[in-house]
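All remarks here apply to the structure that follows.
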Amino acid sequence: MLRPLDRPIPSPSELEDECIRLETKGLGSFGYVSSLMESLAAKTWRINKLKSLRNAVIPAHVYQRIEIIDGVADFIGDSFKLAHLCSQTKSEMIVFCGVRFMAETAKIMNPVKRVFLPASEAGCSLADSMTGEDVVKLKALHPGAVAVCYINTTAEVKAQCHAVVTSANAKTILKKLYDRYDKIIFVPDRLMANNLAKDLGKTIGKDMIAWEGTCIVHDQFDASWVERYRREFPGVKILAHTECTPSLVSLVDFHGGTGDMLRYVDSTSAPSYMLITECGLGDLARTRFPGKTFVPMCRLCPYMKATDLDRIESVLLDPAKAEEIILNEEVRVQAAKSLQVMFDLA
Ligand code: 13P
Ligand code: SF4
């Protein structure tokens with residue numbers, strides 16, 4: 001295990017500088033009273049200090065709390081961007097702010113680094129919906145079909161698949177694979193499978209075999225809200241994550257992954273935007289596009305919100321065994337192959 005470190009203490013002037021840095025980063029727009037901003041600044045200062053003492057890097061998914069994103073993250077992104085950047089990092093320690101499948105992906109791609117997940121219990125309803133053994137059984141039921149998994153899966157599931165995809169590249173990769181295979185087993189997200197099958201003109205049950213997993217955040221949004229909000233906010237552009245239901249996705253202006261949604265907002269001009277996804281994306285969009293108007297419509301992911309500054313500091317001070325990502329090497333090597341297929345085809 002790593003040796004414990006003493007908690008560093010900022011001087012009054014270092015604390016003042018950190019408050020100013022957080023204000024200018026965008027946290028100022030959240031209206032924190034000065035005592036709360038000071039307590040946040042003390043934590044972010046200590047974490048950034050510990051990070052350099054440990055030679056650690058902090059990647060954060062865009063759904064993470066804004067004080068993590070603006071206060072301590074070295075890079076942020078969607079699942080695809082984080083997988084790529086974690087594979088490139090030279091730091092010795094990766095403290096992953098996100099959920100387990102993302103931290104596992106970092107370890108798969110960069111096995112010589114020590115990867116820690118501060119919220120060690122942070123799963124994902126999609127990743128938890130199936131096992132590697134379930135993929136083996138599906139492949140036996142559909143000989144000749146190629147197995148593809150969404151990145152929201154365990155290392156064991158990835159190891160049983162030919163290719164991994166993320167919301168940012170699923171359509172492109174499946175399209176390429178359909179040039180070579182008649183049937184694709186796409187797991188574990190049933191709603192995403194239906195959305196992709198529709199986009200690609202394929203039929204579930206015939207060309208695409210789906211699993212029963214869903215995201216507990218995105219499957220809750222109701223399609224009937226879309227028309228109501230269009231009436232209330234004329235000209236609003238409505239964007240939804242591809243994990244939402246097909247009935248909702250068919251009514252929105254754009255669907256894609258979180259990175260695609262941010263790029264859509266950046267490259268268009270509309271009276272207002274509604275981002276139908278986890279609340280963190282809206283918080284981030286408000287700080288990144290202060291001149292644009294966002295109509296709130298979101299749900300919290302309990303897994304994504306399990307990480308906070310205290311838990312990040314605790315991992316850096318004295319990491320617990322349960323917080324480190326350890327994978328079976330045979331599984332890791334197989335999973336790395338299917339992730340590499342994604343990087344080659346994306
Ligand atoms: P993205 O890859 O689009 O960021 O999605 C990750 C996720 O967990 C969505 O719920
Ligand atoms: Fe998993 Fe849904 Fe949470 Fe994303 S938002 S981590 S898919 S449960």
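Remember, it's 1-based here, ligands and their atoms both numbered in the order they're listed. Please read all numbers here as calculations on a predicted model, not as lab measurements.
Between Leu117 and Glu323, the closest side-chain pair of non-hydrogen atoms is not below 4.5 Å.
The pair Arg21-Glu18 meets the salt-bridge criterion, since a charged nitrogen lies less than 4.0 angstrom from a carboxylate oxygen. A salt bridge between Arg100 and Asp128 is absent, with no side-chain N of the basic residue lying under 4.0 Å from a carboxylate O of the acidic one. Of the charged side-chain nitrogens involved, none lies within less than 4.0 Å of a carboxylate oxygen, so that Arg299 and Glu278 do not count as a salt-bridged pair. Under the 4.0 Å criterion applied to side-chain N and carboxylate O atoms, Glu67 and Lys43 are not assigned as salt-bridge partners. Salt-bridge check for Arg231 with Glu227: failed, with every basic side-chain N at 4.0 Å or more from each acidic carboxylate O. Using a 4.0 Å cut-off between charged nitrogen and carboxylate oxygen, Arg311 and Asp308 do not count as a salt-bridge pair.
With Cys149, the cysteine Cys161 has an SG gap of 2.5 Å or longer.
Of all protein heavy atoms, the one lying nearest to atom 1 (Fe) of ligand 2 is Cys124 SG, 2.4 Å. At the shortest separation from atom 2 (O) of ligand 1 among protein heavy atoms lies Ser79 OG, 2.7 Å. In terms of protein heavy-atom proximity, atom 8 (O) of ligand 1 is closest to Asn152 ND2, 3.3 Å. At the top of the distance list for atom 2 (Fe) of ligand 2, counting protein heavy atoms only, stands Cys215 SG, 2.3 Å.
Near Ser125, meaning under 4.0 Å from one of its heavy atoms, ligand 2 places the atoms 8 (S). Taking a cut-off of under 4.0 Å to the non-hydrogen atoms of Leu126, the atoms of ligand 2 that pass are 7 (S). Numbered from 1 in the order shown, with element, the atoms of ligand 2 that lie under 4.0 Å from a heavy atom of Tyr303 read 8 (S). Residue contact check: His218 has heavy atoms under 4.0 Å from atoms 10 (O) of ligand 1. Less than 4.0 angstrom separates some heavy atom of Asn152 from each of these atoms of ligand 2: 7 (S).
The side chain of Cys301, and not its backbone, has at least one atom closer than 4.0 Å to an atom of ligand 2 (non-hydrogen atoms only; side chain from C-beta on).
The closest approach between a heavy atom of Glu243 and any atom of ligand 2 is below 4.0 Å. Residue Tyr63 places a heavy atom under 4.0 Å from ligand 1. Residue Thr166 places no heavy atom under 4.0 Å from ligand 1.
For atom 10 (O) of ligand 1, the candidate residues are Lys81, Glu243, His241, Met102; the nearest heavy-atom contact is made by Glu243.
Cation-pi contact between Lys292 and Tyr273: absent, since separation from the ring centre below 6.0 Å together with deviation from the ring axis within 45° is not met.
Of the N or O atoms in Ser167, one or more lie within a sub-3.5 Å distance of an N or O in ligand 1.
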